[in-house]
Amino acid sequence: MSLKLYNSLSSKKEIFKSISDKIVKTYGCGPTVYNDPHIGNFRTFVFYDLLNRVLQLNGYETETAVNITDIDDKIIDRVNQENSSLKEITSKYELSFMELSKSLKILPNNHNPRATEYVEEMIEFIQALIDQNLAYEMNGNIFFDIEAYPKYGKFINIKDDLEAEDNELLKRNRNDFTLWKAKKDSDGNIFWESEWGKGRPGWHTECAVMIKMLFDGRLDIHCGGVDLKFPHHENESAQIEALQKHNLSNYWLHAEHLNIDDEKMSKSSGNFIDVNNLIKENGSDVVRLFLLSAHYRTKVSFSQKKLDECKKMIEKINRFAKNFKFVNQSIELKFSYDHNLFIDALNDDLNTPEAIGVFFSFISEMNKKIAKNSINKLDEEKSLVFLKLFNSIFDILDSHNLQDHKIPKNIQNLLISRQKARENQDWKLSDSIRDKILSLGWHVEDTSSGQKPSKKN
RNA sequence: GGCGUCGUACCCAAGUGGUUUAAGGGACCGGUUUGCAAAACCGUUAUUCGUCGGUUCGAAUCCGACCGACGCCUCCA
């Protein structure tokens with residue numbers, strides 16, 4: 001099955017066609033680095049990673065960008081509150097974002113452009129819009145004139161008229177948006193010089209110009225959270241498409257929100273869960289699986305219970321994986337029927353819940369064979385391939401399973417003593433050694449073929 | 001107010017016109033196995049998909065109304 005993606009432009013699933021045969025270019029709106037991200041932010045970032053991995057699974061090479069918004073009102077507020085500098089604040093939270101991304105197994109992006117590194121280009125871009133009569137100046141602010149761009153409204157129907165109460169900034173139209181913000185007193189020393197005076201670029205312009213510079217204004221896929229669909233993506237595409245003859249992006253993908261108590265998680269509402277703590281308490285693999293266990297276009301409610309369930313799922317997969325020896329790291333990935341069901345699910349608009357279902361059905365089928373001792377060489381190969389395939393997308397398997405892990409000497413010795421106790425039917429001693437081994441971080445299971453040690457996750 | 005999304009078992013969550021008289025995970029109960037435990041296996045848990053109508057040979061899937069939840073329209077992943 002070819003890859004299908006739900007395109008917000010048509011509100012339909014469409015067969016994905018890349019601009020170039022080999023390489024797919026994607027851009028996702030990244031974090032504003034003024035404080036620690038919450039788990040809802042990372043639902044979207046993990047979704048970008050999912051898309052990236054599924055594209056690669058389909059044989060595409062990808063060129064990805066996730067931007068760092070490092071100029072913004074909230075950042076300036078923070079700088080003022082903490083009597084700090086812009087760079088100090090933004091580099092601190094950018095680092096935190098990068099570390100959390102790594103911890104959640106998000107593959108590195110080809111580009112992580114910072115808005116501050118493109119201000120010159122943004123000024124030139126805004127000037128080009130003014131030259132084309134697509135933007136106008138008002139008290140040192142520059143606004144995009146939506147009346148001058150008839151195609152405005154790809155994501156929303158605009159009917160609103162200009163109303164006095166919405167118009168403190170003297171915009172011509174209520175939906176005209178800021179390209180350049182005139183410096184305010186509270187901005188302190190955070191400003192850039194331009195022909196229109198001191199100020200800084202608006203958010204929508206930041207993304208537009210970074211895409212212009214990195215990708216020549218032409219993307220295969222643009223992603224973001226649903227809340228960015230309007231006005232951010234509308235405005236971003238309007239200004240860039242007004243200046244160029246082609247689309248900014250052929251596909252627009254939007255990830256739904258992570259809710260808490262049935263409401264959108266947000267920093268401004270104060271109802272958010274810190275990712276860092278969540279990872280510390282549950283492990284990054286559990287958090288990652290939780291984020292991938294619902295389809296990206298459905299609302300998800302946060303709950304600890306779900307995380308606990310994900311933990312059990314991972315344990316189940318790891319137990320299954322322990323049946324096989326991953327000695328030969330370079331096994332060839334030859335896909336058979338079951339594998340293709342899994343790939344088809346992912347290719348159907350990244351249907352991770354279905355893909356997980358396919359994988360668990362397979363595990364169940366193999367476990368039956370293992371229980372009956374009727375598993376053959378082919379089954380083992382299929383299992384190894386499936387584990388690798390699954391992990392190439394979900395990336396949550398215990399790394400101990402993917403290599404022939406060594407049992408430490410002290411554990412080995414305890415196992416030998418326990419084996420002797422068992423031969424003597426000294427269950428009391430046997431159980432106490434089991435407890436001892438457990439306290440050292442290892443499980444022991446007694447199977448028909450003897451003791452089976454495994455590292456505690 | 002305008003625009004939009006969603007409502008599937010005890011919980012989570014796929015399926016969006018016929019091979020589904022509804023995947024998968026968690027939970028519960030009973031059984032096999034086991035010195036015990038754990039795991040694994042077997043069996044049980046929705047004749048039903050928010051409600052009521054309609055279209056159709058056939059609907060959880062399409063249409064309408066209603067009820068309920070949420071999102072965007074203002075910073076926001």
Side-chain angles (χ1 to χ4, degrees), chain A residues 8 11 13 28-32 34 37-48 66 69 72-74 77 153 155-160 166 174-175 177 203 223-232 234 254-259 261-269 272 289-291 293-301 303 305-317 319-320 322-323 341 345 348 351-364 366-373 421-422 425-428 430-431 434-435 438 443-448 452 454:
Chain A
S8 293
S11 298
K13 281 184 202 171
C29 289
T32 301
Y34 71 102
H38 60 63
I39 184 63
N41 298 129
F42 266 93
R43 181 182 186 195
T44 301
F45 303 145
V46 167
F47 152 71
Y48 297 166
V66 173
T69 300
D72 173 89
D73 289 334
K74 283 175 180 159
D77 289 347
F155 290 123
I156 201 166
N157 295 323
I158 300 298
K159 296 186 208 158
D160 298 308
D166 296 312
R174 174 183 165 160
N175 285 298
F177 55 90
W203 180 38
C223 318
V226 271
D227 50 355
L228 301 189
K229 200 157 145 187
F230 190 91
H232 182 56
E234 183 74 53
H254 291 103
E256 252 298 347
H257 288 310
L258 183 61
N259 289 349
D261 297 328
D262 285 334
E263 277 180 18
K264 175 181 168 180
M265 189 178 286
S266 80
K267 291 176 199 167
S268 48
S269 317
F272 62 89
L289 182 61
F290 164 68
L291 294 175
S293 62
H295 185 88
Y296 77 91
R297 280 190 292 111
T298 63
K299 296 176 184 74
V300 168
S301 274
S303 81
K305 192 178 168 196
K306 287 185 192 174
L307 287 162
D308 294 343
E309 287 178 3
C310 287
K311 185 169 190 199
K312 286 177 185 161
M313 289 165 81
I314 292 176
E315 285 167 357
K316 185 166 181 167
I317 297 167
R319 277 195 302 270
F320 174 69
K322 277 170 189 147
N323 289 298
L341 285 179
D348 185 12
N351 195 335
T352 48
E354 174 138 4
I356 292 170
V358 169
F359 184 52
F360 272 96
S361 297
F362 177 82
I363 290 181
S364 180
M366 287 303 129
N367 274 337
K368 276 176 194 139
K369 293 194 176 183
I370 292 166
K372 279 191 265 174
N373 232 326
R422 293 175 62 71
Q425 303 209 340
D426 186 347
W427 308 125
K428 223 173 174 176
S430 165
D431 288 352
R434 182 165 63 192
D435 289 343
L438 191 65
H443 284 293
V444 196
E445 290 172 28
D446 297 313
T447 70
S448 53
K452 198 170 146 194
S454 60

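Proteins get letters first, then strands, A, B, ... in listed order; numbering begins at 1 in each.
The line from NZ of Lys369(A) to CG of Asn323(A) is 13.5 Å long, rounded to the nearest 0.5 Å. Here CZ of Phe155(A) is found 10.5 Å from CG of Leu228(A). Values are rounded to the nearest 0.5 Å. For the atom pair CH2 of Trp203(A) and SG of Cys29(A), the computed distance is 6.5 Å after rounding to the nearest 0.5 Å.
Within the 3.5 Å criterion, the main-chain N or O of Gly40(A) finds a donor-acceptor partner in the side chain of His38(A). In this structure a side-chain-to-backbone donor-acceptor pair under 3.5 Å is present from Ser361(A) to Gly357(A). One N or O on the side chain of Lys306(A) and one on the backbone of Ser301(A) form a donor-acceptor pair closer than 3.5 Å.
Nucleotides A37(B) and G24(B) have their C1' atoms positioned 28 Å apart, rounded to a whole Å. Taking atom C1' in both U21(B) and G15(B), the straight-line distance is 15 Å, to the nearest Å. Comparing G58(B) with G18(B), their P atoms are spaced 15 Å from each other, to the whole Å. Separating the P atom of A27(B) from that of C62(B) is a span of 34 Å, rounded to the nearest Å. Spacing of C1' atoms, U16(B) relative to A60(B), comes out at 8 Å, to the nearest Å. Comparing the P positions of A9(B) and U5(B) gives a spacing of 22 Å, expressed to the nearest Å. A13(B) and G53(B) have their C1' atoms separated by 29 Å, with the value rounded to a whole Å. Look at the P atom in both A59(B) and A22(B): the space between them is 15 Å, to the nearest Å.
In this structure, Arg319(A) reaches the A40(B) phosphate: one of its side-chain N or O atoms is under 4.0 Å from OP1 or OP2. Side-chain N/O atoms of Arg422(A) include none lying less than 4.0 angstrom from OP1 or OP2 on C36(B). A close approach under 4.0 Å does occur between a side-chain nitrogen or oxygen of Thr298(A) and OP1 or OP2 of A14(B). An OP1 or OP2 oxygen of G24(B) is reached within less than 4.0 angstrom by no side-chain nitrogen or oxygen of Lys316(A). Note on Asn351(A): a side-chain N or O is less than 4.0 Å away from OP1 or OP2 of G15(B). Lys299(A) has no side-chain polar atom (N or O) that falls below the 4.0 Å cut-off from OP1 or OP2 of G71(B). Not one side-chain nitrogen or oxygen of Lys229(A) sits closer than 4.0 Å to the OP1 or OP2 atom of C76(B).
Using a 4.0 Å heavy-atom criterion, one finds that Arg297(A) contacts no nucleic acid atom at all. Nucleic acid contact for His295(A): sugar-phosphate only, since backbone atoms but no base atoms lie under 4.0 Å from a heavy atom of the residue. Residue Gly40(A) is classed as a base contact, given a heavy-atom separation below 4.0 Å to a base. Contacts of Ser364(A) with the nucleic acid, taken as non-hydrogen atoms under 4.0 Å apart, involve only primed sugar atoms and P, OP1 or OP2. Heavy atoms of Gly30(A) sit under 4.0 angstrom from primed sugar atoms or phosphate atoms, though from no base atom. Asp431(A) comes within contact range of at least one nucleobase, with a heavy-atom separation under 4.0 Å. Among the atoms of the strands shown, none is found under 4.0 Å from any heavy atom of Ile370(A). Contacts of Lys306(A) with the nucleic acid, taken as non-hydrogen atoms under 4.0 Å apart, involve only primed sugar atoms and P, OP1 or OP2. At a threshold of 4.0 angstrom between heavy atoms, the contacts of Lys305(A) are confined to the sugar-phosphate backbone, with no base atom among them.
The distance between atom CG of Asn175(A) and atom P of G2(B), rounded to the nearest whole Å, is 17 Å. Computed from coordinates, the Tyr296(A) OH to A13(B) P distance equals 17 Å when rounded to whole Å.
Both thresholds, 5.5 Å between centres and 30° between ring planes, are met by Trp427(A) relative to the base of G35(B), so the two rings are stacked.
Leu289(A) approaches Met313(A) most closely through the heavy-atom pair CD2-CB, 4.0 Å.
One cannot find a donor-acceptor pair under 3.5 Å joining the base of G71(B) and the side-chain atoms of Asp262(A).
The distance between the ring centers of Phe42(A) and Phe45(A) falls below 6.0 angstrom.
Using cut-offs of 30° and 60° on the angle between ring planes, the pair Tyr296(A) and Phe47(A) is parallel.
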Inset, instruction - Taking Watson-Crick and G-U wobble pairs with both distances under 3.5 Å, convert RNA chain B into its dot-bracket string, 5' to 3', dots for unpaired and | for cross-strand pairs. - result: ((((((((.[[[..)..(.....]]](.((((.......)))).)....[[[[[..)....]]]]])))))))....

